[in-house]
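Computation of the quantities below employed the complete heavy-atom set of this structure, encompassing side-chain atoms and omitting hydrogens, waters and symmetry-equivalent molecules. Not measured: the values here are computed from a predicted model.
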Amino acid sequence: MSVRVLLVSVLLLAACARTPHASRPATNKYADASLRQIGAAQDERNPTALLPFLTNPNPAYRREAALAFASVQEKVASPFLLPLLRDADADVRRAAAYALGQTGDSTTVDSLRVRVLLEPNGLVRRYVQEALGRCVTRRTLPELWRVEVLNDTARAAAQAWGLQRAAIRGLTSAEGIRRTVLLLNFSTPLPDRERLAAATALARTRGLDADLAQLAGAALLRLSSKDKFYAVRAACATALGRAAAGTREAPAALARLATKDADYRVRLAAVRARKPVWLIDGDLALLQ
């Protein structure tokens, strides 16, 4: 190869090489004095110092103050957080909903339910519905499904989060089970995380085994074997274990899941769900 050809080749390679971008220093939000004040008030759990920031003209300060109250969890802030559910900034509305849910103030249920109906942003609506699930009581549990989802997948997805949060707190009912099954059988399947939220609501249902078997048995059998998301199959296996006494097909379905499911996490969930049955059956081979 001639020197000239070699030189041209080197120049072409140099021209094609990617020029590295100059690294940019990371932005430190606490360079802002007001954000430092909010952070300090959060660390000190000082609601009095945080409250003025909830009405600050700067939406970044309103958002950070709301998130700080999610950590402080003082119910005294609820009347000041509720107006932020109507804030012009969607991030502020989402932060306010999250903070109200973390506070768990049952007096905010009516306002949260109304906001579920009016909120135009799907992500914010999900946070509002989740907050509702964290705040309802046994008496106000029906507020979770007071707003009909009809064929609106986004509203159905939000409702799944609310039902899950209530079930985790031990709040459910026969109607709550029925509503959850409707979401799992929705005409347009919900996204993975929302299907998991609904399945988890059933898995965390306690004291209603007969209702679980009657109202959710068919859906649990179908999803535990056919859902594409392993975590949904695992949650359905757990729920099937609770419904096994009232669902004739459940023991055999759990046995299949424990031995044949492609994901070890689903097999483990089925093993745990069937453990009382094995103590009777003596089917120790499934434990290996």
Side-chain angles (χ1 to χ4, degrees), residues 70 73 97-98 100-106 108-110 112-113 116 125-149 153-186 189-224 227 229-247 250 254 265-266 269-270 272-273:
Q73 299 178 3
Y98 178 66
L100 287 165
Q102 289 294 98
T103 302
D105 187 350
S106 61
T108 66
V109 166
D110 287 341
L112 288 168
R113 193 259 302 167
V116 169
R125 191 187 307 124
R126 169 244 160 128
Y127 274 83
V128 177
Q129 185 85 59
E130 194 171 359
L132 186 57
R134 291 176 182 269
C135 294
V136 291
T137 62
R138 195 164 296 281
R139 181 183 64 81
T140 59
L141 183 64
E143 298 299 333
L144 283 171
W145 53 82
R146 192 79 68 192
V147 177
E148 292 292 341
V149 297
T153 304
R155 289 189 180 277
Q159 193 175 92
W161 286 102
L163 288 163
Q164 181 211 44
R165 287 300 178 185
I168 288 173
R169 296 171 55 226
L171 297 178
T172 189
S173 65
E175 181 62 15
I177 293 171
R178 191 182 75 82
R179 295 282 178 164
T180 306
V181 171
L182 288 176
L183 299 179
L184 289 170
N185 291 334
F186 209 64
L190 302 184
D192 286 354
R193 292 183 65 196
E194 282 68 28
R195 291 199 319 283
L196 176 58
T200 301
L202 296 179
R204 295 297 292 264
T205 296
R206 288 175 170 79
L208 296 169
D209 292 356
D211 292 314
L212 196 61
Q214 179 182 358
L215 298 170
L220 292 172
L221 288 167
R222 174 177 58 83
L223 292 167
S224 63
D227 197 276
F229 189 25
Y230 82 88
V232 172
R233 300 199 304 276
C236 288
T238 299
L240 269 180
R242 300 189 187 284
T247 308
L254 287 171
R265 290 162 289 192
V266 180
R272 295 180 65 184

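Distance check: L112 CG to Y127 OH gives 15.0 Å after rounding to the nearest 0.5 Å. Here OG1 of T137 is found 9.0 Å from CD of E143. Values are rounded to the nearest 0.5 Å. Here CG of L183 is found 13.5 Å from CZ of R155. Values are rounded to the nearest 0.5 Å. Atoms OH and CZ, from Y98 and R134 in turn, are 6.5 Å apart once rounded to the nearest 0.5 Å. Between atom CG of residue D110 and atom CZ of residue R146 there is a gap of 9.5 Å, rounded to the nearest 0.5 Å. Interatomic distance, CZ of R195 versus OG1 of T200, reported as 11.5 Å (0.5 Å rounding).
Within the 4.5 Å cutoff, no side-chain heavy atoms of L182 are placed close to those of W145. By the 4.5 Å heavy-atom criterion applied to side chains, D105 and L100 are not counted as neighbours.
Pairs engaging residues 167-177 under the side-chain hydrogen bond (donor to acceptor under 3.5 Å, both in side chains) rule: E175-R178, E175-R179 [sequence neighbours left out]. Screening residues 204-213 for side-chain hydrogen bond (donor to acceptor under 3.5 Å, both in side chains), with sequence neighbours left out, gives no hits.
In terms of heavy-atom proximity, W161 sits nearest to R126 at CD1-CG, 3.4 Å. In terms of heavy atoms, A70 sits closest to Q102 at O-CB, 3.5 Å. Among all heavy-atom pairs drawn from C135 and V109, the shortest one is O-CG2, 3.6 Å. E194 approaches A160 most closely through the heavy-atom pair O-CB, 3.6 Å. L215 and V181 get closest at one heavy-atom pair: O-CG2, 3.6 Å. Between T153 and L190, the shortest heavy-atom distance links the atoms CG2-CD2, 3.8 Å.
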Side-chain donor-acceptor pairs of residues 231-241 under 3.5 Å, sequence neighbours excluded:
{"from": "R233", "atom 1": "NE", "to": "D261", "atom 2": "OD2", "distance (Å)": "2.9"}
{"from": "R233", "atom 1": "NH1", "to": "D227", "atom 2": "O", "distance (Å)": "2.9"}
{"from": "R233", "atom 1": "NH2", "to": "D261", "atom 2": "OD1", "distance (Å)": "3.0"}
{"from": "T238", "atom 1": "OG1", "to": "A234", "atom 2": "O", "distance (Å)": "3.2"}

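Side-chain N or O atoms of S224 include one that pairs as donor or acceptor with a backbone N or O of L220 at under 3.5 Å.
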Determine, stepwise, if the pair V116 / R113 fulfils side-chain contact (heavy atoms from CB on, under 4.5 Å).
CA-CA 5 Å; V116 169; R113 193 259 302 167; 5.6 Å; no

